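Each remark here refers to the structure printed beneath this line.
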Number of protein chains: 2
Amino acid sequence: MAPPLQPDEMDAVFAALASEPRRRILDVLKKEPGANVNRVCAFFDDMGRVAVMKHLAALEGANLVVSEKSGRERLLWFNPVPIHMIYDRWTTEFSDYWAGRLARMKYTLENAPVPIKTRKGGHRG
Amino acid sequence: MAPPLQPDEMDAVFAALASEPRRRILDVLKKEPGANVNRVCAFFDDMGRVAVMKHLAALEGANLVVSEKSGRERLLWFNPVPIHMIYDRWTTEFSDYWAGRLARMKYTLENAPVPIKTRKGGHRG
DNA sequence: CCGTCATGTCACCTTTCGGTTACATATGGC
DNA sequence: GCCATATGTAACCGAAAGGTGACATGACGG
């Protein structure tokens, strides 16, 4: 299996996905693999080319988009690998919750934490 | 099945996950369901209580954390539901890619887009 | 060549994020 | 009642996000 994502890589992927315009760019590239920058821009009436390029930079930084220069244009593709890696990680990380066993335990309000002794004044505030 | 997440809900969930401290808070609550705010704060030496509370607000806004007031303290639980919803969505959205059929097609550089006619001057820039 | 087109880059602006300190409120326990 | 504790809230601050217009570069094509 591929090496798991590092924390900063997870930051980049989730941050890239946490934006509706960027998710829409991915949708465009799924429908039109190899589209160039201007072609992507054509889908956004409310945003200029520079803004789209910044979104593309975020997506490339997260490795969700790969590009290749061809002459004077840059062709773009969606790359599903980072999403697959998170998917795999979640499969193992949350399968117990989704089986329902831990979830039920979770919501039993009686399992309050053991009383904790913090230093006087609580936690600086 | 539960209704799919709205775009702004997706924004909230991904944005909440796009932060290593917030992911660590979820880890804490997975290990200590029902912990209170100060208990969570005790895990973060480099951050004050107010900062932790802001992160908790982001997580609650994404419904990744649920809380219940008990006397003078607030007890916190991790809620796996939003992650499960994204997981389900990805299962259907990307299963073709992960099967490998489309992925191979994607990376064939020959499938460049059909030439596009944009208005003169390209896309305002 | 020379103009057009696709892209890259720069400087700037406004809003949001992520943290801080200080103060306010409310509960629990002696 | 009184005081310590747990949490909430307000005001502030620097940095980063997300947008803009203007300009620079470099490839295509007649």
Side-chain angles (χ1 to χ4, degrees), chain A residues 8 11-25 32 34-62 65 67-76 112-125, chain B residues 8 11-12 14-25 34-62 65 67-76 112-125:
Chain A
D8 55 326
D11 284 7
V13 176
F14 284 129
L17 293 175
S19 153
E20 210 255 350
R22 283 196 286 264
R23 291 193 300 272
R24 278 184 45 200
I25 289 179
E32 302 203 11
N36 63 18
V37 176
N38 264 334
R39 177 60 178 158
V40 174
C41 288
F43 284 82
F44 295 87
D45 244 8
D46 54 341
M47 215 180 358
R49 183 179 57 91
V50 182
V52 171
M53 284 179 57
K54 288 192 183 181
H55 284 308
L56 284 171
L59 290 165
E60 283 206 62
V65 162
S67 70
E68 169 143 339
K69 196 108 192 195
S70 164
R72 65 178 160 182
E73 54 190 349
R74 204 164 110 239
L75 307 183
L76 304 159
V114 293
I116 42 172
K117 294 304 172 194
T118 57
R119 61 190 161 80
K120 271 189 96 62
H123 198 273
R124 55 181 185 291
Chain B
D8 55 326
D11 284 7
F14 285 128
L17 293 175
S19 154
E20 210 254 349
R22 283 197 285 265
R23 290 193 301 271
R24 278 183 46 197
I25 289 178
N36 64 18
V37 176
N38 265 333
R39 177 59 179 159
V40 174
C41 289
F43 285 82
F44 295 87
D45 244 7
D46 54 341
M47 215 181 356
R49 184 179 56 90
V50 181
V52 171
M53 284 179 58
K54 288 191 182 184
H55 285 307
L56 284 171
L59 290 165
E60 283 206 63
V65 162
S67 70
E68 169 144 337
K69 195 107 193 193
S70 165
R72 66 177 159 180
E73 53 191 351
R74 203 165 111 241
L75 307 183
L76 305 159
V114 293
I116 43 171
K117 295 303 172 196
T118 58
R119 61 187 162 78
K120 272 192 94 62
H123 199 274
R124 54 183 183 290

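Please read these numbers as outputs of a predicted model, since none were measured by experiment. The figures that follow rest on heavy atoms only: side chains count, while hydrogens, waters and symmetry mates do not. Here is how names work: the chains are called A, B, and so on, in the same order as the sequence lines, proteins then strands, and each is numbered from 1.
Put simply, CG on A:Leu56 is 16 Å from P on C:dA6, counting in whole angstrom units. To the nearest angstrom, P of C:dA26 lies 18 Å from CG of B:Asn38. Rounded to an integer number of Å, the gap from A:Lys69 NZ to D:dC28 C1' is 14 Å. Note: NZ (A:Lys54) to P (C:dA11) measures 12 Å, nearest angstrom. Taking atom CD of A:Glu68 as the reference point, atom C1' of D:dA27 lies 16 Å away to the nearest angstrom. One can place CZ of B:Arg49 at 14 Å from P of C:dA24, the figure rounded to the nearest angstrom. Here C:dT20 presents its P atom at 8 Å from CG of B:Asp46, a figure rounded to the nearest Å. Between A:Glu73 atom CD and C:dG8 atom P there is a gap of 11 Å when expressed in whole angstrom units.
In this structure, A:Arg39 does not pair ionically with A:Glu73, as no charged nitrogen and carboxylate oxygen lie closer than 4.0 Å.
Listed here is the closest heavy atom pair of A:Ser70 and A:Leu75: CB-CD1, 4.0 Å.
For the pair B:Arg22 and C:dG18, the criterion of a side-chain N or O lying under 4.0 Å from OP1 or OP2 is met. Contact check, A:Asn36 against C:dA6: no side-chain N or O comes under 4.0 Å of OP1 or OP2. Phosphate contact (OP1/OP2 of D:dA17, side-chain N/O of A:His55, threshold under 4.0 Å): absent.
If you check distances only, the side chain of B:Arg74 never reaches the base of D:dT7 with a donor-acceptor pair under 3.5 Å.
Side-chain atoms of B:Arg22 come within 3.5 Å of backbone N or O of B:Ala15 as a donor-acceptor pair.
Residue A:Arg72 has its side chain nearest to D:dA27 when only D:dA27, D:dT5, C:dG19 are considered. For A:Val37, counting side-chain heavy atoms from C-beta on, the closest listed nucleotide (C:dT9, C:dT20, C:dT7) is C:dT7.
The shortest side-chain heavy-atom distance between B:His55 and B:Phe44 does not fall under the 4.5 Å cut-off.
Positionally, the nearest nucleotide of DNA chain D for A:Ala58 lies more toward the 5' end than for the other of A:Ser70 and A:Ala58.
Applying the side-chain contact (heavy atoms from CB on, under 4.5 Å) rule to B:Ala51 yields the partners B:Met47; only residues at least two apart in sequence or on another chain are considered.
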